[in-house]
There are 2 protein chains.
Amino acid sequence: MAQDRPYSALIDRLKTAGLRPTRQRLALAKVLFCQGNRHLTAEQLHAEAAMERVPVSLATVYNALHRFTGAGLLREVVVEPGRSYFDTNVDDHHHFFHEASGRLEDIPGDRLGLKGVPDAPPGTRVARVDVIIRLSQDEN
Amino acid sequence: MAQDRPYSALIDRLKTAGLRPTRQRLALAKVLFCQGNRHLTAEQLHAEAAMERVPVSLATVYNALHRFTGAGLLREVVVEPGRSYFDTNVDDHHHFFHEASGRLEDIPGDRLGLKGVPDAPPGTRVARVDVIIRLSQDEN
DNA sequence: CAATATATTAGAATGATTCTAATGTATTGT
DNA sequence: ACAATACATTAGAATCATTCTAATATATTG
């Protein structure tokens, strides 16, 4: 996990997705994909890239996030007005959202499911189903 | 439905919720609560109030939406980065979201449910569960 | 290695929302 | 009814995340 030097796996991953493996994208991909499943905002990713001593502009972070998402490497999750999270886990799954901290967390396993899902209205089809379990501090 | 003059029901509703029934709040409450279940953004509500010939500032619209939400008269729904919808239906229910048009729609009935809902992580409790069925145009 | 296509960037622009602080209106108590 | 008080409204400025622009740099192709 998280090998430091040989970026070849990441390079392949980007190339396969049709994305040019630039210095910036590799740095971002490393932060995103070499530490298990993550849920990051653009600002968080920007900050982490800066700490890795790879200066990447915020514009590039946004560009990369959107290209990665379009290529199926990321998934955008919206839980709060005003900011988007990007989830490195693109498998079918759902989320806990910690309202106090703003932290997003994968719900483990595939036990959680839906029943009685209605048909899509005429002329439409289901693109995706999001389930967000919003958590607050338990004051006990 | 949507009686035009006697605001007494609305006045009571606001008073019961601990909200002063001002001219502006009544106008907004009328738009919100006298036309069945609605899903409006702040800008949409502002525009509709303007059409009712009750000038209400945008700041007041935001204030009112947040106070109404805090009082349990509305529920905030977040489906898109950048803007919030306010739902006049505060009962337990879920939504279709039409990605093409940005329209939010209640899922009728109570057939839709969840199974295998996990326990809240230690120290937290479930505040709310949101299910959003995202719809795209069916190109057939 | 030149030509082309695609990325990166700083900074400006945008759009939704929140804040500020001055003014206006409802409520309470007498 | 009315003064005192508490709460609401407002215009406009401020903020924040995000997107755009158009100039420059880098990767890819032939």
Side-chain angles (χ1 to χ4, degrees), chain A residues 7-8 10-29 31 39-50 52-71 73-74 76-86 102 104, chain B residues 7-8 10-29 31 39-50 52-71 73-74 76-86 102 104:
Chain A
Y7 287 85
S8 39
L10 284 178
I11 292 177
D12 283 355
R13 196 157 175 183
L14 293 181
K15 278 189 170 164
T16 303
L19 299 166
R20 284 190 184 174
T22 63
R23 187 169 44 78
Q24 293 87 337
R25 283 177 180 171
L26 283 169
L28 296 175
V31 170
H39 302 90
L40 294 171
T41 65
E43 296 281 356
Q44 287 169 347
L45 179 55
H46 185 241
E48 293 205 17
E52 298 277 326
R53 294 134 145 291
V54 183
V56 179
S57 78
L58 198 47
T60 296
V61 171
Y62 278 103
N63 288 341
L65 284 172
H66 289 138
R67 288 231 150 43
F68 287 16
T69 301
L73 301 179
L74 290 176
E76 188 173 2
V77 182
V78 182
V79 285
E80 282 188 313
R83 75 160 146 287
S84 282
Y85 289 81
F86 291 86
L104 203 56
Chain B
Y7 287 84
S8 38
L10 284 178
I11 292 176
D12 283 355
R13 197 158 174 183
L14 293 181
K15 278 189 171 164
T16 303
L19 300 166
R20 285 189 184 175
T22 64
R23 188 170 45 76
Q24 292 87 336
R25 286 178 179 170
L26 283 169
L28 296 175
V31 169
H39 302 90
L40 293 172
T41 65
E43 294 280 356
Q44 287 169 348
L45 178 55
H46 185 241
E48 293 206 18
E52 298 276 326
R53 291 130 150 294
V54 183
V56 179
S57 79
L58 199 47
T60 297
V61 171
Y62 278 103
N63 288 341
L65 285 172
H66 290 139
R67 287 234 150 46
F68 286 16
T69 301
L73 300 179
L74 291 176
E76 189 171 2
V77 183
V78 182
V79 285
E80 283 188 310
R83 75 158 146 288
S84 282
Y85 289 80
F86 292 86
L104 202 57

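Here the structure is a predicted model, which is why all the values come from computation and not from measurement. Residue numbers start from 1 in every chain, and the chains themselves are labelled A, B, ... in the order their sequence lines are given, proteins ahead of strands.
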Notebook entry, point to check: For the pair made of CG in A:L45 and P in C:dT8, what is the distance, rounded to whole Å?
Noted result: 12 Å

Check: NE2 of A:H46 versus C1' of D:dT18: gap in Å, rounded?
Finding: 13 Å

Note to self: Can you list, in residue-number order, the parts of residues 54-67 of chain B that come under 4.0 Å of DNA chain C, counting heavy atoms only?
What the structure shows: B:L58, B:A59, B:Y62, B:H66

Check: A:S84 near the nucleic acid: base, sugar-phosphate alone, or nothing, with a heavy-atom cut-off under 4.0 Å?
Finding: sugar-phosphate

Next item on the list: Using five base pairs at each end, measure the axis-to-axis angle across the helix from C:dC1-D:dG30 to C:dT30-D:dA1 and round it to 10 degrees.
Entry: 40°

Check: Excluding sequence neighbours, so at least two apart, what forms ring-ring contact (aromatic ring centres under 6.0 Å, His included) with B:H46?
Finding: none

Checklist line | Pairs satisfying side-chain hydrogen bond (donor to acceptor under 3.5 Å, both in side chains), at least one member in residues 58-67 of chain A, at least two apart | finding: A:S57-A:T60

Note to self: My understanding is that only residues two or more places apart in sequence, or in another chain, count here; which of them pass side chain to side chain contact (heavy atoms under 4.5 Å, CB included) with A:R23?
What the structure shows: A:V54

Checklist line | Qualifying residues under salt bridge (charged side-chain N to carboxylate O under 4.0 Å, His left out), relative to B:R83, sequence neighbours excluded | finding: B:E80

What pairs of donor and acceptor atoms, side-chain ones from residues 10-20 of chain B against any protein atom, are under 3.5 angstrom apart with sequence neighbours left out?
{"unit_1": "B:T16", "atom_1": "OG1", "unit_2": "B:D12", "atom_2": "O", "d": "2.7"}

Note to self: Please report the distance, rounded to the nearest Å, between OH in B:Y85 and P in C:dA16.
What the structure shows: 11 Å

Notebook entry, point to check: How close do B:L28 and B:A49 get, heavy atom to heavy atom, and via which atoms?
Noted result: CD2-CB, 3.9 Å

Note to self: According to side-chain hydrogen bond (donor to acceptor under 3.5 Å, both in side chains), who are the partners of B:S84, at least two apart in sequence or on a separate chain?
What the structure shows: B:E76

Would you list the protein and nucleotides 23-30 of chain D atom pairs, both N or O, that sit under 3.5 Å from each other?
none

Next item on the list: Starting at atom CG of B:L28, determine the distance to atom C1' of D:dT10, rounded to an integer number of angstrom.
Entry: 14 Å

Note to self: Distance check needed: C:dA16 P versus B:Q44 CD, whole Å only.
What the structure shows: 10 Å

Next item on the list: Could you tell me which residues satisfy side-chain hydrogen bond (donor to acceptor under 3.5 Å, both in side chains) with A:E48, sequence neighbours excluded, listed by chain and number?
Entry: A:R38

Item checked: Nearest to side-chain heavy atoms of B:R83, which nucleotide of C:dT17, D:dT9, C:dA7 -> C:dT17

Checklist line | Spacing of A:E43 atom CD relative to D:dT18 atom P, expressed in whole Å | finding: 7 Å

